[in-house]
Structure formats: structure tokens, C-alpha cells
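Accompanying notes for the structure given below.
All values below come from the heavy atoms of this structure, side chains included, with hydrogens, waters and symmetry mates left out. As the structure lists them, so they are numbered: ligands from 1, and atoms in each ligand from 1.
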Amino acid sequence: MNVFGVDIGGSGIKGAPVNLERGDLAEPRHKVLTPHPATPDDVAGCVQEVVSHFGWSGPVGITFPGVVTGGITRTAANVDKGWIDVDARALLGERLGLPVTVLNDADAAGVAEMTFGAGAGRKGTVFLLTFGTGIGSALFIDGTLVPNTELGHLELNGHDAEKHASTKAKEDEDLSWQHWAHRVQKYLAHVEMLFSPELFIIGGGVSRKAEKFLPLIEGVRAEIVPAQLQNNAGIVGAAMAAAAPAP
Ligand code: BGC
């Protein structure tokens with residue numbers, strides 16, 4: 001069965017029909033640039049453009065880079081503050097005229113990785129962490145998601161951790177891989193101190209360059225592996241959520 005997935009990110013809004021048996025895109029994805037400011041109305045227009053590019057009609061899963069409870073977007077660290085307390089499920093559902101499921105972007109990527117990627121079959125405490133514009137976190141206990149964990153906003157060295165260790169921080173401060181890996185290491189060590197996970201899965205666009213920084217990370221007990229679905233994990237996880245929407 002195919003279901004449509006859309007991933008709303010800090011730089012792009014991308015989507016495609018997803019083959020849920022294979023956990024892979026059924027067609028090459030379509031991407032539009034995220035508008036600035038990323039207001040609910042403008043982002044909804046982009047989502048509409050991505051979905052209509054495929055002439056899709058059917059359920060649509062959509063990720064959002066903030067807390068989402070019951071289809072309502074609750075925080076907006078890296079998008080327009082106008083998203084706070086918006087009924088995104090209703091807004092996007094009306095715009096598309098289709099049934100819509102909305103969930104946190106890291107949670108979506110995590111669900112996809114735990115089923116089709118680096119976390120498949122893994123028990124115990126597992127984290128998927130996405131490094132991009134912000135840091136997203138998805139926590140799994142024996143394969144079950146604990147949604148909206150928001151560990152990108154832990155305090156690290158007196159800073160919001162994502163301001164210090166996201167790939168945006170790497171770019172903005174022009175950090176070397178070595179320097180950035182050191183910050184990521186400190187961050188992982190902090191999460192490990194709090195949760196003692198067995199496994200960290202490192203996602204986000206930077207997972208494509210895992211060989212540049214994962215070998216530089218030392219002193220973390222948990223296993224650390226790159227995500228396998230890489231930048232499609234959000235789209236796949238969004239479609240999976242739409243196929244089995246939470247109440
Ligand atoms: C948001 C999270 C999101 C992460 C990655 C953070 O700033 O608070 O909800 O998962 O960025 O986009």
C-alpha cells in the first residue's frame with residue numbers, strides 16, 4: 001500500500017508517496033524551499049504544492065519541527081511562532097481536502113528507522129537524534145515511541161544544546177568536523193548520563209557524512225550508528241503514522 005508522506009524542515013518541504021511494505025519512496029520526492037518566515041499559511045501552501053505535484057488523493061502524514069499533541073503544534077523553535085497552539089491537523093487537512101496526520105519530525109524519522117533502518121529489531125532504550133537546523137530526539141523503549149521528548153533543548157555548557165551542536169551551529173560558526181564532533185560527543189555523553197541508552201542512531205542530512213565525524217566520537221558507552229534511511233526517514237515515518245494514526 002502507498003501513503004503520502006511530507007517532511008517540513010527548516011530549509012525544505014519535501015514529500016512523496018511511500019511504499020509501506022518496503023519503507024521506501026514509491027516515486028522520487030518533490031521539494032520546495034521553506035518560506036521565510038515559515039508561517040502556518042505559507043507552509044500550508046507549500047505542503048499543498050508538494051502533494052498536488054503527484055495528484056495525490058488519500059491519507060497524508062506530515063512532520064513538523066516542534067511538539068505536536070493531538071494534531072496541535074505546541075512549539076516553534078525554528079519556524080514562525082504563529083504555529084504555537086495551531087490546530088495543524090485541521091489547517092492542513094482543510095487545505096488539502098484529505099485526511100491528515102501531523103507528528104514531530106524526529107519521532108517520524110525514528111519510527112521509520114526502528115522499522116526499516118538502523119533500529120529494526122532493537123530492544124531496550126534507543127534514541128534517534130537528528131542533527132540539522134535543530135536537534136530532534138525520538139526515544140524508544142523496546143520499540144515503542146515516547147513522543148515529543150525534545151532533548152535538543154537540554155542545556156549544554158549553559159546553552160540550548162541545539163544552538164551549540166546542531167549542523168546549523170557547525171555551519172554558522174564554520175566549525176571543523178573535529179571541533180563539531182567534540183560538541184556532539186559532549187551532547188551524547190549528557191544524554192547518556194540521563195538515560196543510559198543501548199543505541200544512538202544519528203539522523204538528519206549529516207548522517208550521509210557519518211564517516212567524517214562518528215569515528216571522532218569517543219568515551220560514549222552506547223553503540224552509535226548512522227541512520228540508514230537518511231533524509232527520507234521523515235517522509236517514510238510520516239506516511240507510516242498516517243496509515244496508523246494515533247487517537
Ligand atoms: C524542535 C524539535 C524538532 C527539532 C528538529 C527542535 O528545535 O524543538 O521539535 O524535532 O528541532 O527539527
Short list, please: which atoms of ligand 1 are under 4.0 Å from a heavy atom of G66?
-> 9 (O)
Return the residue, atom name and 0.1 Å-rounded distance of the protein heavy atom closest to atom 7 (O) of ligand 1.
-> E162 OE1, 2.7 Å
If you scan protein heavy atoms around atom 2 (C) of ligand 1, the nearest is E150 OE2, 3.2 Å
Distance filter under 4.0 Å to N104 heavy atoms, resulting ligand 1 atoms = 2 (C), 3 (C), 9 (O), 10 (O)
All side chain to side chain donor-acceptor pair (under 3.5 Å) counterparts of R74, not counting sequence neighbours = T69, D85
Please verify whether a non-hydrogen atom of N148 lies at under 4.0 Å from ligand 1.
-> no
Applying the side-chain hydrogen bond (donor to acceptor under 3.5 Å, both in side chains) test to S137, which of N104, T130, D107, T149 qualifies?
-> T149
Looking only at protein heavy atoms, what sits closest to atom 5 (C) of ligand 1 is D105 OD2, 3.4 Å
Note: I217 and Q185 closest approach over all heavy atoms is CA-OE1, 3.6 Å
Quick one: does T130 get an N or O within less than 3.5 Å of an N or O on ligand 1?
-> no
For ligand 1, which atoms sit closer than 4.0 Å to a heavy atom of G136?
-> 4 (C), 5 (C), 10 (O)
Salt-bridge criterion met for D142 and R122 (N-O under 4.0 Å) | no
Please name the pair of heavy atoms, one in E113 and one in A227, separated by the smallest distance, quoted to 0.1 Å.
-> OE2-CB, 3.3 Å
Run the salt-bridge test on R183 and E173 with the 4.0 Å N-O cut-off and return the result as yes or no.
-> yes
Within a distance under 4.0 Å of any heavy atom of H153, pick out the atoms of ligand 1 and give their elements.
-> 1 (C), 6 (C), 7 (O), 8 (O)
Going by the 4.0 angstrom heavy-atom rule, the piece of A77 near ligand 1 is side chain
Where on N78 is there a heavy atom closer than 4.0 Å to ligand 1, on the side chain, on the backbone, on both, or on neither?
-> side chain
Taking the six-membered ring of W177 (Phe, Tyr or Trp), confirm whether the NZ or CZ of K170 is under 6.0 Å from its centre and within 45° of its axis.
-> yes
For P37, check side-chain contact (heavy atoms from CB on, under 4.5 Å) against everything at least two apart and list the hits.
-> T39, D80
